[in-house]
Amino acid sequence: MSIHRLEEMSTPALDALDRARTAVVLTVSPLEEHGPHLPVGVDAFVARHFARAVAERLVARRPGWSVVLAPTLHLGSFTFETVGTVSVRQRVVRDALVDYGRSFARSGFRFVFIANGHGGPGHLAALEEASAIVSRRHDVTMASLTGHIAWEFFRGRYLPKIEAALGRTLTEDERVAFTEDAHGGWWETSLMLMLRPDLVDESYRDLPPARYSLAERAVPNYPLRQGGLGYVGHPALADPVFAKATIEVLMAEAMEMVDGMLDGRLRPADRRSPFYAVPLLRTNFWRGLGAAGVVALAAGAAWLGHRVRPRRDR
């Protein structure tokens with residue numbers, strides 16, 4: 001079998017893998033509230049599915065290659081804080097991934113890809129920071145597959161492809177709902193209906209839309225304030241068919257990145273998200289600034305992409 005679970009392998013079995021034709025996929029996502037209808041493990045479920053899908057496509061396209069799936073790290077920063085959320089400092093996320101990447105690099109592995117299901121802006125920046133550090137220090141290719149794709153997705157850049165996969169055009173109301181979606185809403189509820197419908201509470205069908213302006217999103221923990229239920233968007237629109245169409249498109253985009261990096265046509269720096277370039281989202285930004293201040297400053301940038309109406313490319 002060409003796909004392996006790291007925790008199930010012996011040292012000799014790992015050492016026998018051809019380093020030039022082996023990729024490691026590291027899954028990283030926090031435990032975080034996702035409204036009253038979804039489990040706290042949403043991001044991890046999505047990330048694990050993403051990691052497995054990358055592995056399956058990679059070995060199918062490249063005979064003789066192997067993929068090692070590392071166990072999920074339940075780590076994440078820039079989360080919404082309430083019962084069930086386990087928040088980790090941004091620097092801890094970055095440093096843990098640097099240590100993991102360094103360990104793989106020292107063992108001779110040349111390609112490490114990060115699968116993630118969490119969209120917190122500082123979290124995405126930390127994944128890309130860690131990847132850049134490991135790639136530079138150890139002369140390997142380590143890349144987060146999430147930041148760039150998440151940015152393009154929430155900006156609506158993939159909507160024409162999603163519509164093609166759906167076989168229909170989204171209605172104007174659906175397009176507006178897409179711009180308002182961010183957390184535990186239409187998309188994530190759809191994904192969980194596809195992946196783990198047994199964990200989705202039927203109450204999602206009756207949940208009203210939760211809309212927030214850009215100014216409101218700049219307030220820490222905004223979807224849980226003033227009676228908010230912890231989700232952002234339109235969970236009642238959830239449909240596993242929509243999830244399947246989006247995953248097909250996102251996987252195609254991810255594999256374009258993976259193939260490009262394995263072939264040497266792309267560098268991790270070629271597909272970084274804008275979050276990585278924003279100083280206030282980096283782990284070294286203003287060490288003297290309080291955590292609440294960092295979160296407040298980051299929140300505006302966090303959801304800027306979510307507020308951009310999808311362009312019409314048709």
Side-chain angles (χ1 to χ4, degrees), residues 29-47 76-87 116-124 146-147 149-156 158-159 162 170 173-195 199-201 203-239 242-243 246 250 273 275 281 295-310:
S29 286
L31 299 172
E32 181 187 27
E33 71 79 28
H34 277 76
H37 58 301
L38 295 177
V40 297
V42 166
D43 294 340
F45 285 118
V46 172
S77 60
F78 285 63
T79 53
F80 295 129
E81 304 300 321
T82 189
V83 177
T85 295
V86 179
S87 183
N116 160 65
H118 178 54
H123 177 78
L124 294 172
T146 307
I149 291 175
W151 173 256
E152 295 295 289
F153 176 70
F154 281 110
R155 293 177 71 198
Y158 301 143
L159 276 184
I162 292 172
L170 295 181
D173 286 345
E174 286 175 325
R175 283 178 165 266
V176 172
F178 188 87
T179 68
E180 297 170 340
D181 201 63
H183 181 78
W186 179 12
W187 187 56
E188 287 190 316
T189 306
S190 296
L191 286 172
M192 288 304 292
L193 286 175
M194 182 183 80
L195 298 176
L199 298 180
V200 180
D201 192 285
S203 64
Y204 83 89
R205 301 178 187 277
D206 301 314
L207 291 175
R211 301 181 175 94
Y212 296 90
S213 67
L214 183 59
E216 289 172 323
R217 295 180 185 218
V219 178
N221 240 31
Y222 69 90
L224 291 158
R225 292 177 176 270
Q226 299 180 343
L229 296 178
Y231 66 90
V232 182
H234 301 247
L237 293 178
D239 177 7
F242 177 69
T246 60
L250 297 181
S273 73
F275 302 122
L281 295 179
V295 173
L297 283 170
W303 303 119
L304 179 60
H306 299 170
R307 301 300 302 171
V308 178
R309 288 186 179 274

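Numbering starts at 1 and runs along the sequence shown.
- Heavy atoms only, all atoms of each residue included: L237 and A177 are closest at CD1-CB, 3.7 Å.
- Ring orientation note: the planes of F153 and W187 are tilted relative to one another, at an angle of 30° to 60°.
- Taking NE2 of H37 as the reference point, atom OG1 of T189 lies at 3.0 Å (rounded to 0.5 Å).
- The shortest side-chain heavy-atom distance between V200 and L38 falls under the 4.5 Å cut-off.
- A search for salt bridge (charged side-chain N to carboxylate O under 4.0 Å, His left out) contacts involving R225 returns nothing, not counting sequence neighbours.
- Between E81 and E33, the closest side-chain pair of non-hydrogen atoms is not below 4.5 Å.
- Across F45 and P39, no two heavy atoms sit closer than the pair CE1-CG, 4.3 Å.
- With values rounded to the nearest 0.5 angstrom, L170 atom CG is found 6.5 Å from F242 atom CZ.
- Atom-to-atom distance recorded for T246:OG1 and D239:CG is 10.0 Å, nearest 0.5 angstrom.
- Remark: the backbone N or O of Y212 is paired with a side-chain donor or acceptor of R217 at under 3.5 angstrom.
- In terms of heavy atoms, S190 sits closest to A238 at OG-CA, 3.2 Å.
- For the atom pair L124 CG and N116 CG, the distance stands at 6.0 Å (nearest 0.5 Å).
- We find the OH-CZ distance between Y158 and F178 to be 10.5 Å, quoted to the nearest 0.5 Å.
- Using a distance-only test at 3.5 Å, with no hydrogens or angles considered, no donor-acceptor pair links the side chain of S273 to the main chain of W151.
- Across every non-hydrogen atom of S29 and A47, the tightest pair is OG-CB, 3.4 Å.
- Considering only heavy atoms from C-beta on, V232 comes within 4.5 Å of Y222 through its side chain.
- Side-chain N or O atoms of H183 include none that pairs as donor or acceptor with a backbone N or O of E188 at under 3.5 Å.
- To the nearest 0.5 Å, atoms CG (L224) and CG (L229) are separated by 8.5 Å.
- Residues T79 and H123 have side chains not in contact (no heavy-atom distance under 4.5 Å, counting atoms from C-beta outward).
- The six-membered or imidazole ring of Y231 lies away from that of F80, with a centre-to-centre distance of 6.0 Å or more.
- Residues V42 and M192 meet the side-chain proximity criterion, which asks for heavy atoms closer than 4.5 Å.
- Between P30 and D43 the shortest side-chain heavy-atom distance falls below 4.5 Å.
- Scanning both residues, D181 and G233, for their nearest heavy atoms gives OD1-CA, 3.9 Å.
- Minimum heavy-atom separation, E216 to R211: OE1-O, 4.1 Å.
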